[in-house]
Protein chains: 2
Amino acid sequence: MTFKATALRRDSLQQQIYDHLRSDIMTGAFKPGETLSSRSLAAELGVSAMPVREALTRLTTEGALELTTSRTLRLRLLTPEDLDEITAIRTDLEGRAAKRAAEQMTAESLARISKLNDDLTPAASSGNADRYLKANATYHAEIYKISGWPLLLSMIERLWLIVGPSIRTCVPDRDHMATSQGFHDAVMAALTKGDAEAVRTAIIDDIQTAAKDIRAFLASGQDH
Amino acid sequence: MTFKATALRRDSLQQQIYDHLRSDIMTGAFKPGETLSSRSLAAELGVSAMPVREALTRLTTEGALELTTSRTLRLRLLTPEDLDEITAIRTDLEGRAAKRAAEQMTAESLARISKLNDDLTPAASSGNADRYLKANATYHAEIYKISGWPLLLSMIERLWLIVGPSIRTCVPDRDHMATSQGFHDAVMAALTKGDAEAVRTAIIDDIQTAAKDIRAFLASGQDH
DNA sequence: ATCGTTGATCTGTGATCGCAGATTGCAGTG
DNA sequence: CACTGCAATCTGCGATCACAGATCAACGAT
């Protein structure tokens, strides 16, 4: 938890805390089923429980956390059915965002994406899961941002928020990173060629193979 | 505002308030640009400002409300670009939900939908906008619920939350209700025939013609 | 030694208070 | 009459306290 409570208030405290937790969850800083409490988080961050609880409430309504019967918050556990649903929605939304991004792509945007992809390749071969996950998240997010549709991006990020923890427990597999990187290269090739439909299918392939790996992991029951 | 604070706490107070406001916004109880404040709402509901502000915060992060520079909350105003984005996402998500609902349809479900459609027809011809909007919202929601995918439904409802107020200002047009009802009849016909793809296209047609009407209204600038 | 009970301590949730900006309206001055 | 300026009042936001339910550990009885 690397949080600076002393930072100037560009946003409200709860907004900063929300953004911080959201980013951490998306990149897999927490394990599925892990419990969080507003008071302990607040003490850790050096603030009162007030802004923390509002941030946690928001994450709960978005489906990232769930409230147990014993009134304790924990990271949501995915069922195979949940994963199927999320994967289907992801193919729709991320497919559309990727295609539109390809259509709106400029030389500057393409250069930025290319650089992120260059960061991603060594991260994948290094086998460092944390580094790879963060690079992967920013890579995808940057593409979707280029679509110019902020609501679409926020809805996609909500889905990442839910699958993030499960991705983290599955991705230490070096094979996963390698095959995923193959799809990313396909995305780059299609982007430079300006083939929007190819970009879309490459992104969808990436999503679906990732879902396949996660599903295998869920079936093994290792996260319970 | 018909809210019973004395109700038994099936859920937390903030959850009840959130659900209540959400439903009101979706069915157009508030006008675009209308301002809301936590204290006045709290006084109106007979509770403290605490649960109300958490509900309003949630609605803000979902894009239904926006925080002005003068620290006041108001219902989001849609730009034509916003509408294009939302409409595109709606066709993806509601199209998928409708198709899947058609595939999962049972005799009981079909009867329930058919009854809701029967409620909808007289509401459309009556010209009563409030009645029509509520019947329309429950009709669509009931179909999407049958898909068996709760996350998909909640994401769709988030979109309704954003377009809801604008639909309310546009729908008093009797022609709109009539043409929309035509699509609903097409949905029913396709559902009874078991043609999932036809259900999907009928829903998409409904969404896109509604968007066309809203766009015309936005262009007239009547909501500013 | 084992089982049952009880109290301390977690949890989320609601109420209340105070603070800092921003708006509004009324008063005073030119 | 027009304009300026100050004060009352609104806003969201954070801190703090209180309360009910649930967990858990320690203690006492059998």
On DNA chain C, does the nearest nucleotide to Pro51(B) precede the nearest nucleotide to Arg39(B) from the 5' side, or the other way round? Give the residue. Pro51(B)
In terms of the nearest nucleotide of DNA chain C, which residue is placed more toward the 5' end: Met50(A) or Thr72(A)? Thr72(A)
Does a donor on one side chain and an acceptor on the other come within less than 3.5 Å for [X] and [Y]?
| X | Y | answer |
| --- | --- | --- |
| Thr106(A) | Ser109(A) | yes |
| Gln14(B) | Arg58(B) | yes |
| Thr60(B) | Thr57(B) | no |

Across all chains, not counting sequence neighbours, the side-chain contact (heavy atoms from CB on, under 4.5 Å) partners of Arg168(B) are Ala129(B), Asp130(B), Leu133(B), Pro172(B)
If I take atom CG in residue Leu13(A) and atom C1' in nucleotide dA20(C), what distance separates them, rounded to the nearest angstrom? 14 Å
Arg53(A) atom CZ is separated from dA15(D) atom P, nearest whole Å, by 12 Å
Ignoring hydrogens and geometry, is there a side-chain-to-backbone donor-acceptor pair from Glu85(B) to Leu151(A) under 3.5 Å? yes
Rounded to 10 degrees, the angle between the two terminal axes of the helix from dA1(C)-dT30(D) to dG30(C)-dC1(D), each from five pairs: 20°
Nucleotide N/O of nucleotides 21-26 of chain D paired with protein N/O under 3.5 Å:
none

Sidechain N-carboxylate O distance under 4.0 Å for Lys115(B), Asp119(B): yes
The nucleotide from dG12(D), dT13(C), dG12(C) with an atom nearest the side chain of Ser12(B) is dT13(C)
